[in-house]
Amino acid sequence: MRRLWVAAGLGALVLVGAVTYLRSEPPTSPPRPPDRATATGNTEKVLPVAPSAELTAPRRGFIRGGEGVEESGRHRAPQPRYRPRDPREWQGMLVDVSYQVVCKDFCGLALACVAGVCGACTSDTDCGRHESCVLDHCLDTSRVSCRSYRDCGSGSVCMLSGLSPDPRGNAELRSFCSSEGAASP
Amino acid sequence: MKRAYLSLTLLVLLVLLPCTAFAASGYVSGTLKFWNKQGNYCPNTRNCTGATYPQSQYDNAQPVKEVQVQVLDNTWAVLGEGTSDTSGNFKIYWYRSTLPPSGMILWKARQKDSRWQIVSASTGGIYVNWTGTFTLINGTTYSNPQNVGTFVWGSSASPNHVANLYDGAWRQWNYALSGSGHLSANMTNVTIRAFDNTTCPSSCSRGWFNDILIDSPQAALTPQGRIMHEMGHFAVYVAKPYNPAMGYDYPNQCRYCGTWGPTTQEWQSAAFEEGIASFFATAAMYSAANPNPTDCLSAGYCELWWNNIETSTGWGSCSAGEDRWPLSHERYLWDVYDSVVDGNYSDTISVPFWYFISSLLNYPTGTNDQQHDEPWNASYSAIDDYDGRSSGDFYYNFYGRFGIDTAYQVVSNCPW
(Lines give C-alpha, C1' and ligand atoms only; values in the text may rest on other atoms or scores of the structure.)
Protein backbone atom coordinates (compact mmCIF):
# COMPACT_ATOMS: atom_id res chain seq x y z
CA MET A 1 0.00 0.00 0.00
CA ARG A 2 2.87 2.31 0.89
CA ARG A 3 4.41 1.68 -2.55
CA LEU A 4 1.16 2.62 -4.13
CA TRP A 5 1.08 5.93 -2.26
CA VAL A 6 4.68 6.71 -3.11
CA ALA A 7 4.08 5.89 -6.76
CA ALA A 8 1.00 8.07 -6.79
CA GLY A 9 2.94 10.87 -5.17
CA LEU A 10 5.75 10.65 -7.65
CA GLY A 11 3.27 10.54 -10.49
CA ALA A 12 1.61 13.66 -9.17
CA LEU A 13 4.96 15.38 -8.92
CA VAL A 14 5.81 14.47 -12.50
CA LEU A 15 2.41 15.69 -13.65
CA VAL A 16 2.74 18.96 -11.78
CA GLY A 17 6.26 19.42 -13.06
CA ALA A 18 5.16 18.82 -16.61
CA VAL A 19 2.32 21.30 -16.31
CA THR A 20 4.61 23.89 -14.76
CA TYR A 21 7.14 23.36 -17.52
CA LEU A 22 4.57 23.72 -20.24
CA ARG A 23 3.18 26.90 -18.69
CA SER A 24 6.54 28.58 -18.65
CA GLU A 25 9.57 28.80 -20.82
CA PRO A 26 13.01 27.90 -19.63
CA PRO A 27 15.23 30.88 -18.86
CA THR A 28 17.71 29.62 -21.41
CA SER A 29 15.28 29.66 -24.33
CA PRO A 30 16.59 31.89 -27.13
CA PRO A 31 14.70 35.07 -28.01
CA ARG A 32 12.07 34.67 -30.64
CA PRO A 33 12.35 36.64 -33.84
CA PRO A 34 10.17 39.71 -33.93
CA ASP A 35 6.70 39.34 -35.27
CA ARG A 36 6.84 41.45 -38.36
CA ALA A 37 6.08 41.14 -42.00
CA THR A 38 9.58 41.14 -43.34
CA ALA A 39 12.97 41.08 -41.73
CA THR A 40 14.31 44.01 -43.68
CA GLY A 41 13.04 46.92 -45.64
CA ASN A 42 9.56 48.03 -44.83
CA THR A 43 9.30 46.51 -41.40
CA GLU A 44 6.98 49.05 -39.89
CA LYS A 45 3.90 47.53 -38.45
CA VAL A 46 0.65 49.42 -38.22
CA LEU A 47 -1.15 47.81 -35.39
CA PRO A 48 -4.86 47.50 -35.84
CA VAL A 49 -5.18 47.19 -32.09
CA ALA A 50 -3.28 50.39 -31.33
CA PRO A 51 -6.03 52.71 -30.22
CA SER A 52 -6.40 56.29 -31.19
CA ALA A 53 -4.43 58.41 -28.77
CA GLU A 54 -7.42 60.55 -27.99
CA LEU A 55 -9.09 57.63 -26.34
CA THR A 56 -6.09 55.96 -24.95
CA ALA A 57 -5.01 54.95 -21.55
CA PRO A 58 -4.64 51.87 -19.47
CA ARG A 59 -7.60 50.08 -18.11
CA ARG A 60 -8.60 50.48 -14.53
CA GLY A 61 -6.27 48.47 -12.37
CA PHE A 62 -3.24 49.49 -14.37
CA ILE A 63 -2.37 52.02 -11.75
CA ARG A 64 -2.50 50.52 -8.33
CA GLY A 65 -4.16 52.88 -5.96
CA GLY A 66 -4.45 55.41 -8.72
CA GLU A 67 -7.22 57.64 -9.84
CA GLY A 68 -8.20 56.04 -13.10
CA VAL A 69 -11.43 57.26 -14.57
CA GLU A 70 -13.55 55.32 -16.96
CA GLU A 71 -16.00 57.20 -19.10
CA SER A 72 -18.36 55.80 -21.64
CA GLY A 73 -16.19 52.81 -22.21
CA ARG A 74 -13.14 54.94 -22.75
CA HIS A 75 -10.10 54.40 -20.63
CA ARG A 76 -7.83 57.13 -19.52
CA ALA A 77 -4.79 57.16 -17.34
CA PRO A 78 -4.88 58.90 -14.00
CA GLN A 79 -3.40 62.30 -13.50
CA PRO A 80 0.26 62.08 -12.59
CA ARG A 81 1.10 62.57 -8.96
CA TYR A 82 4.63 63.65 -8.21
CA ARG A 83 6.76 63.05 -5.17
CA PRO A 84 7.26 66.52 -3.66
CA ARG A 85 10.73 67.97 -3.53
CA ASP A 86 12.08 70.83 -1.47
CA PRO A 87 10.88 73.92 -3.38
CA ARG A 88 14.35 75.39 -3.13
CA GLU A 89 15.66 72.53 -5.24
CA TRP A 90 15.35 72.05 -8.98
CA GLN A 91 11.83 70.94 -9.80
CA GLY A 92 12.65 68.93 -12.91
CA MET A 93 12.38 65.16 -13.29
CA LEU A 94 10.01 64.74 -10.39
CA VAL A 95 9.13 61.11 -9.76
CA ASP A 96 5.58 60.10 -10.67
CA VAL A 97 4.20 58.10 -7.75
CA SER A 98 0.72 57.54 -9.15
CA TYR A 99 1.64 53.95 -10.01
CA GLN A 100 4.11 51.30 -8.93
CA VAL A 101 6.61 49.06 -10.65
CA VAL A 102 7.58 45.92 -8.76
CA CYS A 103 11.29 45.15 -8.77
CA LYS A 104 13.79 42.71 -7.42
CA ASP A 105 17.03 44.61 -7.68
CA PHE A 106 16.89 46.75 -10.84
CA CYS A 107 14.81 49.70 -12.04
CA GLY A 108 14.76 51.85 -15.14
CA LEU A 109 14.48 55.65 -15.22
CA ALA A 110 17.44 55.83 -12.81
CA LEU A 111 15.12 54.98 -9.93
CA ALA A 112 15.90 52.93 -6.85
CA CYS A 113 14.51 49.52 -5.99
CA VAL A 114 13.39 49.97 -2.41
CA ALA A 115 11.32 47.36 -0.61
CA GLY A 116 10.50 45.68 -3.89
CA VAL A 117 9.16 48.79 -5.60
CA CYS A 118 10.85 51.21 -8.01
CA GLY A 119 10.82 54.76 -6.77
CA ALA A 120 12.78 57.78 -5.68
CA CYS A 121 15.97 57.18 -3.78
CA THR A 122 16.47 59.04 -0.53
CA SER A 123 20.07 58.07 0.18
CA ASP A 124 23.04 56.55 -1.56
CA THR A 125 22.31 53.21 0.04
CA ASP A 126 19.09 53.01 -1.98
CA CYS A 127 21.13 52.99 -5.19
CA GLY A 128 23.45 50.43 -6.69
CA ARG A 129 27.18 50.07 -6.36
CA HIS A 130 29.09 53.10 -7.58
CA GLU A 131 25.87 55.10 -7.65
CA SER A 132 24.81 58.13 -5.63
CA CYS A 133 21.38 59.54 -4.91
CA VAL A 134 20.84 63.04 -6.28
CA LEU A 135 17.40 64.65 -6.59
CA ASP A 136 15.55 61.34 -6.19
CA HIS A 137 17.63 59.61 -8.89
CA CYS A 138 20.59 57.25 -8.86
CA LEU A 139 23.62 58.59 -10.70
CA ASP A 140 26.99 57.10 -11.43
CA THR A 141 29.02 58.63 -8.63
CA SER A 142 31.65 59.84 -11.08
CA ARG A 143 29.01 62.02 -12.73
CA VAL A 144 27.93 63.84 -9.60
CA SER A 145 28.99 67.48 -9.51
CA CYS A 146 26.43 68.63 -6.98
CA ARG A 147 23.73 67.16 -4.81
CA SER A 148 21.69 70.18 -3.83
CA TYR A 149 21.22 73.88 -4.47
CA ARG A 150 23.47 74.31 -1.43
CA ASP A 151 26.37 73.15 -3.57
CA CYS A 152 25.72 75.86 -6.17
CA GLY A 153 26.04 79.60 -6.20
CA SER A 154 23.33 82.10 -5.49
CA GLY A 155 20.50 81.94 -8.01
CA SER A 156 21.64 78.57 -9.25
CA VAL A 157 20.23 75.12 -8.55
CA CYS A 158 21.66 71.66 -8.80
CA MET A 159 19.96 69.94 -11.74
CA LEU A 160 20.14 66.74 -13.74
CA SER A 161 21.12 66.44 -17.39
CA GLY A 162 18.36 64.01 -18.33
CA LEU A 163 17.73 60.30 -18.64
CA SER A 164 19.63 58.29 -21.20
CA PRO A 165 17.99 55.53 -23.23
CA ASP A 166 19.87 52.62 -21.66
CA PRO A 167 17.79 50.23 -19.50
CA ARG A 168 19.07 51.78 -16.27
CA GLY A 169 18.53 55.26 -17.63
CA ASN A 170 21.63 56.78 -16.09
CA ALA A 171 24.53 55.93 -18.39
CA GLU A 172 24.85 59.62 -19.25
CA LEU A 173 22.94 61.15 -16.39
CA ARG A 174 24.89 63.73 -14.44
CA SER A 175 24.29 66.58 -12.04
CA PHE A 176 25.53 70.13 -12.41
CA CYS A 177 24.79 73.64 -11.25
CA SER A 178 22.42 75.55 -13.51
CA SER A 179 23.49 78.63 -15.42
CA GLU A 180 21.65 81.45 -17.13
CA GLY A 181 23.54 81.14 -20.36
CA ALA A 182 24.07 78.29 -22.77
CA ALA A 183 22.61 75.02 -21.58
CA SER A 184 25.16 72.58 -20.28
CA PRO A 185 25.75 69.90 -22.96
CA MET B 1 -0.40 7.23 10.88
CA LYS B 2 2.46 7.20 8.41
CA ARG B 3 -0.04 6.94 5.60
CA ALA B 4 -1.84 9.93 6.92
CA TYR B 5 1.36 12.04 6.99
CA LEU B 6 2.32 10.87 3.55
CA SER B 7 -1.11 11.70 2.19
CA LEU B 8 -1.03 15.10 3.81
CA THR B 9 2.40 15.81 2.39
CA LEU B 10 1.33 14.88 -1.11
CA LEU B 11 -1.79 16.94 -0.78
CA VAL B 12 0.22 19.98 0.26
CA LEU B 13 2.58 19.41 -2.64
CA LEU B 14 -0.29 19.11 -5.08
CA VAL B 15 -1.82 22.34 -3.84
CA LEU B 16 1.36 24.35 -3.64
CA LEU B 17 3.36 23.26 -6.64
CA PRO B 18 1.18 24.75 -9.36
CA CYS B 19 1.37 28.08 -7.54
CA THR B 20 5.11 27.96 -7.20
CA ALA B 21 6.13 29.64 -10.43
CA PHE B 22 9.55 31.08 -10.93
CA ALA B 23 10.25 34.81 -11.15
CA ALA B 24 10.80 35.96 -14.69
CA SER B 25 12.79 38.79 -16.19
CA GLY B 26 14.42 39.88 -19.40
CA TYR B 27 15.09 42.69 -21.81
CA VAL B 28 12.78 43.91 -24.55
CA SER B 29 13.90 46.16 -27.38
CA GLY B 30 12.06 47.71 -30.29
CA THR B 31 11.28 50.92 -32.14
CA LEU B 32 8.38 53.34 -31.77
CA LYS B 33 7.16 55.38 -34.70
CA PHE B 34 4.20 57.49 -35.65
CA TRP B 35 2.85 58.66 -38.96
CA ASN B 36 4.02 62.23 -39.30
CA LYS B 37 1.54 64.59 -40.94
CA GLN B 38 2.76 67.88 -39.52
CA GLY B 39 2.96 70.76 -41.91
CA ASN B 40 5.53 73.57 -42.04
CA TYR B 41 8.32 71.35 -43.36
CA CYS B 42 10.94 72.86 -45.62
CA PRO B 43 9.86 71.87 -49.16
CA ASN B 44 12.24 70.16 -51.53
CA THR B 45 11.99 73.06 -53.93
CA ARG B 46 13.64 75.44 -51.47
CA ASN B 47 17.13 75.91 -50.07
CA CYS B 48 16.80 73.87 -46.87
CA THR B 49 20.27 74.48 -45.51
CA GLY B 50 19.98 74.31 -41.75
CA ALA B 51 16.32 73.23 -41.80
CA THR B 52 15.58 70.82 -38.96
CA TYR B 53 12.39 69.59 -40.59
CA PRO B 54 12.88 68.75 -44.27
CA GLN B 55 10.11 67.45 -46.47
CA SER B 56 11.66 63.97 -46.41
CA GLN B 57 10.25 63.58 -42.89
CA TYR B 58 6.71 64.46 -43.93
CA ASP B 59 3.94 61.91 -44.55
CA ASN B 60 5.88 58.87 -43.47
CA ALA B 61 6.76 57.02 -40.28
CA GLN B 62 9.02 59.01 -37.96
CA PRO B 63 10.49 58.09 -34.58
CA VAL B 64 8.62 58.75 -31.36
CA LYS B 65 11.54 60.53 -29.76
CA GLU B 66 12.67 60.57 -26.15
CA VAL B 67 9.41 59.43 -24.66
CA GLN B 68 8.69 57.40 -21.54
CA VAL B 69 8.06 53.74 -22.36
CA GLN B 70 6.73 50.86 -20.27
CA VAL B 71 6.54 47.10 -20.54
CA LEU B 72 3.19 45.85 -19.27
CA ASP B 73 1.74 42.43 -18.70
CA ASN B 74 -1.70 41.37 -19.82
CA THR B 75 -3.25 42.83 -16.65
CA TRP B 76 -1.71 46.23 -17.44
CA ALA B 77 0.70 45.98 -14.51
CA VAL B 78 3.98 47.77 -15.24
CA LEU B 79 6.90 45.35 -15.41
CA GLY B 80 9.58 47.79 -16.43
CA GLU B 81 10.22 51.33 -17.61
CA GLY B 82 12.62 53.20 -19.83
CA THR B 83 12.81 55.83 -22.53
CA SER B 84 13.16 55.88 -26.29
CA ASP B 85 16.10 57.56 -27.98
CA THR B 86 15.94 60.10 -30.79
CA SER B 87 15.49 57.26 -33.28
CA GLY B 88 12.54 55.82 -31.37
CA ASN B 89 14.57 52.83 -30.16
CA PHE B 90 14.11 51.47 -26.67
CA LYS B 91 15.55 48.68 -24.55
CA ILE B 92 13.88 47.98 -21.25
CA TYR B 93 14.49 45.54 -18.44
CA TRP B 94 11.36 43.89 -17.08
CA TYR B 95 10.69 41.77 -14.03
CA ARG B 96 7.73 39.81 -12.71
CA SER B 97 7.41 37.48 -9.76
CA THR B 98 5.78 34.95 -12.07
CA LEU B 99 6.02 34.45 -15.78
CA PRO B 100 3.48 36.69 -17.49
CA PRO B 101 1.21 35.10 -20.07
CA SER B 102 1.84 37.99 -22.41
CA GLY B 103 3.17 41.52 -22.53
CA MET B 104 2.80 44.77 -24.42
CA ILE B 105 4.59 48.07 -24.89
CA LEU B 106 3.04 51.37 -23.85
CA TRP B 107 4.37 54.87 -24.29
CA LYS B 108 3.16 57.95 -22.53
CA ALA B 109 2.89 61.33 -24.22
CA ARG B 110 5.46 62.58 -21.76
CA GLN B 111 8.98 63.74 -22.57
CA LYS B 112 11.60 61.48 -21.05
CA ASP B 113 12.59 64.01 -18.40
CA SER B 114 9.01 65.17 -17.83
CA ARG B 115 9.69 68.53 -19.44
CA TRP B 116 6.13 68.38 -20.69
CA GLN B 117 3.30 65.94 -21.08
CA ILE B 118 0.13 65.89 -23.11
CA VAL B 119 -3.03 65.27 -21.15
CA SER B 120 -6.71 65.07 -21.89
CA ALA B 121 -8.18 68.54 -21.61
CA SER B 122 -11.32 67.10 -20.07
CA THR B 123 -9.92 64.70 -17.46
CA GLY B 124 -6.28 65.64 -17.00
CA GLY B 125 -5.22 62.05 -17.62
CA ILE B 126 -2.06 61.63 -19.64
CA TYR B 127 -2.44 60.22 -23.15
CA VAL B 128 -0.82 56.89 -23.82
CA ASN B 129 -0.48 54.56 -26.77
CA TRP B 130 0.10 50.84 -26.59
CA THR B 131 0.88 47.88 -28.82
CA GLY B 132 -0.83 44.57 -29.23
CA THR B 133 0.22 41.73 -26.97
CA PHE B 134 3.17 39.44 -27.53
CA THR B 135 4.81 36.66 -25.58
CA LEU B 136 7.42 37.96 -23.17
CA ILE B 137 10.46 35.72 -23.18
CA ASN B 138 12.06 34.98 -19.87
CA GLY B 139 15.83 35.08 -19.56
CA THR B 140 16.70 37.42 -22.41
CA THR B 141 19.76 39.51 -21.78
CA TYR B 142 21.05 43.03 -22.27
CA SER B 143 23.25 41.96 -25.16
CA ASN B 144 20.60 39.66 -26.63
CA PRO B 145 17.24 41.27 -25.88
CA GLN B 146 13.86 40.19 -27.19
CA ASN B 147 13.35 42.43 -30.21
CA VAL B 148 9.67 43.05 -30.76
CA GLY B 149 10.15 45.05 -33.94
CA THR B 150 8.85 48.41 -35.07
CA PHE B 151 5.43 49.76 -34.23
CA VAL B 152 3.77 52.64 -36.04
CA TRP B 153 0.84 54.63 -34.71
CA GLY B 154 -1.46 56.30 -37.16
CA SER B 155 -1.46 56.37 -40.93
CA SER B 156 -1.43 58.91 -43.68
CA ALA B 157 -5.22 58.89 -43.87
CA SER B 158 -5.69 58.79 -40.12
CA PRO B 159 -2.74 60.31 -38.26
CA ASN B 160 -2.42 59.96 -34.51
CA HIS B 161 -2.87 63.56 -33.44
CA VAL B 162 -1.35 63.23 -29.99
CA ALA B 163 1.78 61.63 -31.45
CA ASN B 164 2.06 64.47 -33.97
CA LEU B 165 1.52 67.04 -31.23
CA TYR B 166 4.18 65.38 -29.10
CA ASP B 167 6.65 65.55 -31.96
CA GLY B 168 6.02 69.25 -32.48
CA ALA B 169 6.68 69.89 -28.80
CA TRP B 170 9.80 67.78 -28.96
CA ARG B 171 11.12 69.78 -31.90
CA GLN B 172 10.52 73.07 -30.12
CA TRP B 173 12.31 71.91 -27.02
CA ASN B 174 15.11 70.03 -28.71
CA TYR B 175 16.05 72.50 -31.43
CA ALA B 176 15.54 75.79 -29.59
CA LEU B 177 14.46 76.04 -25.98
CA SER B 178 16.85 73.45 -24.58
CA GLY B 179 19.72 75.69 -25.69
CA SER B 180 18.99 78.04 -22.82
CA GLY B 181 20.38 77.19 -19.42
CA HIS B 182 17.71 79.29 -17.77
CA LEU B 183 14.92 77.41 -19.53
CA SER B 184 16.57 74.07 -18.80
CA ALA B 185 16.49 74.94 -15.14
CA ASN B 186 12.99 76.38 -15.06
CA MET B 187 10.81 74.88 -17.77
CA THR B 188 9.63 71.60 -16.29
CA ASN B 189 6.42 69.60 -15.82
CA VAL B 190 4.54 71.66 -18.40
CA THR B 191 1.05 70.37 -19.04
CA ILE B 192 -0.18 70.49 -22.62
CA ARG B 193 -3.95 70.16 -22.62
CA ALA B 194 -5.44 68.63 -25.74
CA PHE B 195 -7.88 69.43 -27.01
CA ASP B 196 -9.73 72.50 -25.69
CA ASN B 197 -11.35 74.99 -28.05
CA THR B 198 -13.35 76.91 -25.48
CA THR B 199 -10.85 78.39 -23.01
CA CYS B 200 -8.92 80.39 -25.64
CA PRO B 201 -9.86 81.80 -29.04
CA SER B 202 -7.56 79.19 -30.60
CA SER B 203 -4.60 77.87 -28.64
CA CYS B 204 -2.86 79.63 -25.79
CA SER B 205 -0.10 79.47 -23.23
CA ARG B 206 -0.62 80.11 -19.54
CA GLY B 207 2.73 80.24 -17.85
CA TRP B 208 1.15 81.14 -14.55
CA PHE B 209 -0.71 77.81 -14.63
CA ASN B 210 2.26 75.99 -16.12
CA ASP B 211 0.12 74.80 -18.99
CA ILE B 212 -0.55 75.18 -22.70
CA LEU B 213 -3.92 74.65 -24.36
CA ILE B 214 -4.19 73.27 -27.87
CA ASP B 215 -7.55 73.78 -29.45
CA SER B 216 -8.12 70.92 -31.87
CA PRO B 217 -6.66 67.75 -33.36
CA GLN B 218 -6.10 69.67 -36.58
CA ALA B 219 -3.86 72.07 -34.64
CA ALA B 220 -1.53 69.16 -34.02
CA LEU B 221 -0.76 69.17 -37.73
CA THR B 222 0.18 72.87 -37.82
CA PRO B 223 3.08 72.81 -35.36
CA GLN B 224 4.84 76.08 -36.08
CA GLY B 225 1.75 78.20 -35.56
CA ARG B 226 0.36 76.18 -32.68
CA ILE B 227 2.35 74.03 -30.23
CA MET B 228 5.72 75.51 -31.13
CA HIS B 229 4.42 79.07 -31.09
CA GLU B 230 2.67 78.47 -27.75
CA MET B 231 5.79 76.93 -26.27
CA GLY B 232 7.50 80.10 -27.45
CA HIS B 233 5.05 82.16 -25.40
CA PHE B 234 5.69 79.84 -22.51
CA ALA B 235 9.43 80.34 -22.75
CA VAL B 236 9.01 84.13 -22.76
CA TYR B 237 7.01 83.86 -19.56
CA VAL B 238 9.47 81.47 -17.91
CA ALA B 239 12.35 83.76 -18.85
CA LYS B 240 10.91 86.33 -16.49
CA PRO B 241 7.29 86.07 -15.38
CA TYR B 242 5.32 89.19 -16.26
CA ASN B 243 1.76 90.39 -16.49
CA PRO B 244 0.60 90.14 -20.10
CA ALA B 245 -1.14 93.15 -21.55
CA MET B 246 -1.92 91.56 -24.88
CA GLY B 247 -3.09 94.68 -26.64
CA TYR B 248 -4.72 93.22 -29.69
CA ASP B 249 -6.64 95.27 -32.22
CA TYR B 250 -4.98 98.60 -32.72
CA PRO B 251 -7.80 101.14 -32.99
CA ASN B 252 -9.56 101.27 -36.32
CA GLN B 253 -7.21 98.62 -37.73
CA CYS B 254 -8.91 95.46 -36.50
CA ARG B 255 -8.72 92.84 -39.23
CA TYR B 256 -8.97 89.66 -37.12
CA CYS B 257 -10.73 91.23 -34.18
CA GLY B 258 -9.71 89.76 -30.84
CA THR B 259 -6.80 87.91 -32.32
CA TRP B 260 -4.03 88.60 -34.79
CA GLY B 261 -2.27 87.70 -38.02
CA PRO B 262 1.31 88.20 -39.21
CA THR B 263 0.47 91.49 -40.89
CA THR B 264 -2.37 92.79 -38.74
CA GLN B 265 -1.82 96.00 -36.84
CA GLU B 266 -1.64 95.42 -33.09
CA TRP B 267 -0.53 97.40 -30.11
CA GLN B 268 3.20 96.95 -29.65
CA SER B 269 2.82 94.78 -26.55
CA ALA B 270 0.85 92.21 -28.54
CA ALA B 271 2.87 92.56 -31.73
CA PHE B 272 6.14 91.92 -29.89
CA GLU B 273 4.70 89.09 -27.81
CA GLU B 274 3.38 87.25 -30.87
CA GLY B 275 6.47 88.09 -32.88
CA ILE B 276 8.91 86.67 -30.37
CA ALA B 277 6.81 83.52 -29.84
CA SER B 278 6.81 82.98 -33.60
CA PHE B 279 10.53 83.68 -33.77
CA PHE B 280 11.19 80.98 -31.16
CA ALA B 281 9.20 78.54 -33.30
CA THR B 282 11.08 79.55 -36.42
CA ALA B 283 14.39 79.17 -34.61
CA ALA B 284 13.40 75.57 -33.86
CA MET B 285 12.54 74.90 -37.49
CA TYR B 286 15.61 76.52 -39.02
CA SER B 287 19.15 77.04 -37.88
CA ALA B 288 20.75 80.46 -38.09
CA ALA B 289 22.30 79.52 -41.43
CA ASN B 290 19.05 79.07 -43.33
CA PRO B 291 18.61 81.72 -46.04
CA ASN B 292 14.81 81.61 -46.32
CA PRO B 293 13.03 80.62 -43.12
CA THR B 294 9.25 80.74 -43.17
CA ASP B 295 6.49 80.78 -40.62
CA CYS B 296 2.79 80.17 -41.10
CA LEU B 297 -0.32 78.44 -39.85
CA SER B 298 -0.71 75.59 -42.30
CA ALA B 299 -0.82 71.82 -42.45
CA GLY B 300 1.26 72.06 -45.60
CA TYR B 301 4.46 73.95 -46.18
CA CYS B 302 4.67 77.72 -45.81
CA GLU B 303 4.69 79.77 -48.97
CA LEU B 304 7.81 81.83 -49.31
CA TRP B 305 6.21 84.78 -51.02
CA TRP B 306 4.31 85.90 -47.97
CA ASN B 307 5.90 84.02 -45.05
CA ASN B 308 9.55 84.83 -45.57
CA ILE B 309 11.06 85.78 -42.22
CA GLU B 310 14.41 86.74 -43.65
CA THR B 311 13.05 89.48 -45.89
CA SER B 312 13.28 92.97 -44.51
CA THR B 313 11.75 96.09 -45.90
CA GLY B 314 14.88 98.06 -45.30
CA TRP B 315 15.82 101.29 -43.67
CA GLY B 316 13.42 104.09 -44.40
CA SER B 317 11.04 101.99 -46.47
CA CYS B 318 8.55 100.83 -43.84
CA SER B 319 4.93 101.10 -44.87
CA ALA B 320 2.30 102.70 -42.68
CA GLY B 321 1.45 100.45 -39.75
CA GLU B 322 4.23 97.95 -40.50
CA ASP B 323 5.69 98.64 -37.07
CA ARG B 324 2.61 96.99 -35.61
CA TRP B 325 2.85 93.76 -37.59
CA PRO B 326 3.88 90.77 -35.49
CA LEU B 327 5.79 89.70 -38.59
CA SER B 328 8.03 92.79 -38.36
CA HIS B 329 8.98 91.94 -34.79
CA GLU B 330 9.72 88.36 -35.72
CA ARG B 331 11.90 89.48 -38.62
CA TYR B 332 13.88 91.79 -36.35
CA LEU B 333 14.60 89.04 -33.87
CA TRP B 334 15.48 86.62 -36.67
CA ASP B 335 18.02 89.03 -38.07
CA VAL B 336 19.65 89.29 -34.66
CA TYR B 337 19.79 85.48 -34.57
CA ASP B 338 20.68 84.47 -38.12
CA SER B 339 24.08 84.30 -39.71
CA VAL B 340 22.83 85.15 -43.20
CA VAL B 341 23.77 88.67 -44.20
CA ASP B 342 20.90 90.70 -45.59
CA GLY B 343 21.73 92.48 -48.82
CA ASN B 344 20.00 95.74 -48.14
CA TYR B 345 21.65 96.78 -44.90
CA SER B 346 24.58 96.05 -42.61
CA ASP B 347 23.55 92.78 -40.96
CA THR B 348 26.52 91.18 -39.30
CA ILE B 349 25.07 90.14 -35.95
CA SER B 350 24.32 86.52 -35.10
CA VAL B 351 23.85 85.37 -31.52
CA PRO B 352 22.96 82.04 -29.90
CA PHE B 353 19.38 81.34 -28.92
CA TRP B 354 20.01 81.69 -25.21
CA TYR B 355 20.86 85.37 -25.64
CA PHE B 356 17.18 86.09 -26.19
CA ILE B 357 16.13 84.33 -23.01
CA SER B 358 18.85 86.03 -21.00
CA SER B 359 17.81 89.41 -22.36
CA LEU B 360 14.22 88.84 -21.25
CA LEU B 361 15.45 87.55 -17.90
CA ASN B 362 17.38 90.72 -17.33
CA TYR B 363 14.54 93.16 -17.95
CA PRO B 364 14.40 95.40 -14.88
CA THR B 365 11.45 94.66 -12.66
CA GLY B 366 8.77 97.33 -12.74
CA THR B 367 6.30 99.23 -14.87
CA ASN B 368 8.45 102.07 -16.16
CA ASP B 369 9.82 102.36 -19.66
CA GLN B 370 11.87 99.31 -20.67
CA GLN B 371 10.84 97.42 -17.55
CA HIS B 372 9.24 94.01 -17.66
CA ASP B 373 5.67 95.14 -16.89
CA GLU B 374 5.78 98.41 -18.75
CA PRO B 375 2.20 98.28 -20.08
CA TRP B 376 0.83 98.45 -16.52
CA ASN B 377 0.46 101.42 -14.24
CA ALA B 378 2.52 101.53 -11.08
CA SER B 379 -0.19 99.98 -8.93
CA TYR B 380 -0.99 97.26 -11.47
CA SER B 381 -4.62 98.32 -11.41
CA ALA B 382 -4.83 99.13 -15.10
CA ILE B 383 -2.92 99.07 -18.36
CA ASP B 384 -1.79 102.55 -19.23
CA ASP B 385 0.59 101.80 -22.10
CA TYR B 386 -0.44 99.11 -24.56
CA ASP B 387 2.60 100.00 -26.59
CA GLY B 388 4.92 99.12 -23.72
CA ARG B 389 7.11 96.00 -23.81
CA SER B 390 7.87 96.35 -27.49
CA SER B 391 10.78 95.50 -29.76
CA GLY B 392 12.22 98.89 -28.85
CA ASP B 393 12.32 97.81 -25.24
CA PHE B 394 13.91 94.54 -26.23
CA TYR B 395 16.50 96.47 -28.18
CA TYR B 396 17.51 98.42 -25.08
CA ASN B 397 17.52 95.42 -22.79
CA PHE B 398 19.47 93.31 -25.26
CA TYR B 399 22.05 96.07 -25.48
CA GLY B 400 22.12 96.40 -21.73
CA ARG B 401 22.73 92.70 -21.26
CA PHE B 402 25.26 92.04 -24.01
CA GLY B 403 26.47 95.42 -25.21
CA ILE B 404 25.46 94.57 -28.78
CA ASP B 405 23.76 97.28 -30.78
CA THR B 406 21.02 95.88 -33.01
CA ALA B 407 19.92 99.25 -34.38
CA TYR B 408 20.31 98.20 -38.01
CA GLN B 409 18.22 95.09 -37.43
CA VAL B 410 15.42 96.80 -35.59
CA VAL B 411 15.12 99.76 -37.90
CA SER B 412 15.42 97.81 -41.12
CA ASN B 413 12.71 95.35 -40.16
CA CYS B 414 10.30 98.10 -39.14
CA PRO B 415 9.02 97.00 -35.70
CA TRP B 416 10.17 100.29 -34.19
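Order of the sequence lines fixes the chain letters, A, B, ..., with proteins taken first and strands second; residue numbering starts at 1 for each chain.
Salt bridge absent: A/D96 and A/R83 never bring a charged side-chain N and a carboxylate O closer than 4.0 Å. A salt bridge does not link B/D167 with B/K37: every distance from a Lys NZ or Arg NE/NH1/NH2 to an Asp or Glu carboxylate oxygen is 4.0 Å or more. Looking at A/R168 and A/E131, a side-chain N of the basic residue comes within less than 4.0 Å of a carboxylate O on the acidic one, giving a salt bridge. Using a 4.0 Å cut-off between charged nitrogen and carboxylate oxygen, B/D73 and B/R96 count as a salt-bridge pair. A salt bridge does not link B/K65 with B/D85: every distance from a Lys NZ or Arg NE/NH1/NH2 to an Asp or Glu carboxylate oxygen is 4.0 Å or more.
Contact annotation for B/Y355: neither backbone nor side-chain heavy atoms come within less than 4.5 Å of a heavy atom of chain A. Heavy-atom distances place the side chain of B/L361, and not its backbone, under 4.5 Å from chain A. Proximity to chain A (any heavy atom under 4.5 Å) is restricted, for B/S84, to the backbone atoms N, CA, C and O. For B/Q111, no part lies near chain A; criterion is any non-hydrogen pair under 4.5 Å. Both the backbone and the side chain of B/T83 come within contact range of chain A, each with at least one heavy atom under 4.5 Å from a heavy atom of that chain. With a threshold of 4.5 angstrom between heavy atoms, A/S164 approaches chain B through N, CA, C or O but not through any side-chain atom. The parts of A/M93 that come within reach of chain B are both its backbone and its side chain, each placing non-hydrogen atoms under 4.5 angstrom from that chain. Proximity to chain A (any heavy atom under 4.5 Å) is restricted, for B/Y27, to the side chain, taken from C-beta onward. Both the backbone and the side chain of B/Y93 come within contact range of chain A, with heavy atoms under 4.5 Å apart. With a 4.5 Å cut-off on non-hydrogen atoms, B/S358 touches chain A through its backbone and its side chain both.
In this structure, cysteines A/C113 and A/C118 have SG atoms that are not closer than 2.5 angstrom. Of the two cysteines examined, A/C133 and A/C138, the SG atoms fail the criterion of being under 2.5 Å apart. For a disulfide, the SG atoms of both cysteines must be under 2.5 angstrom apart; this fails for A/C146 and A/C152.
Of the listed residues B/N189, B/T86, B/I92, the one with more heavy-atom pairs under 4.5 angstrom with chain A than any other is B/N189.
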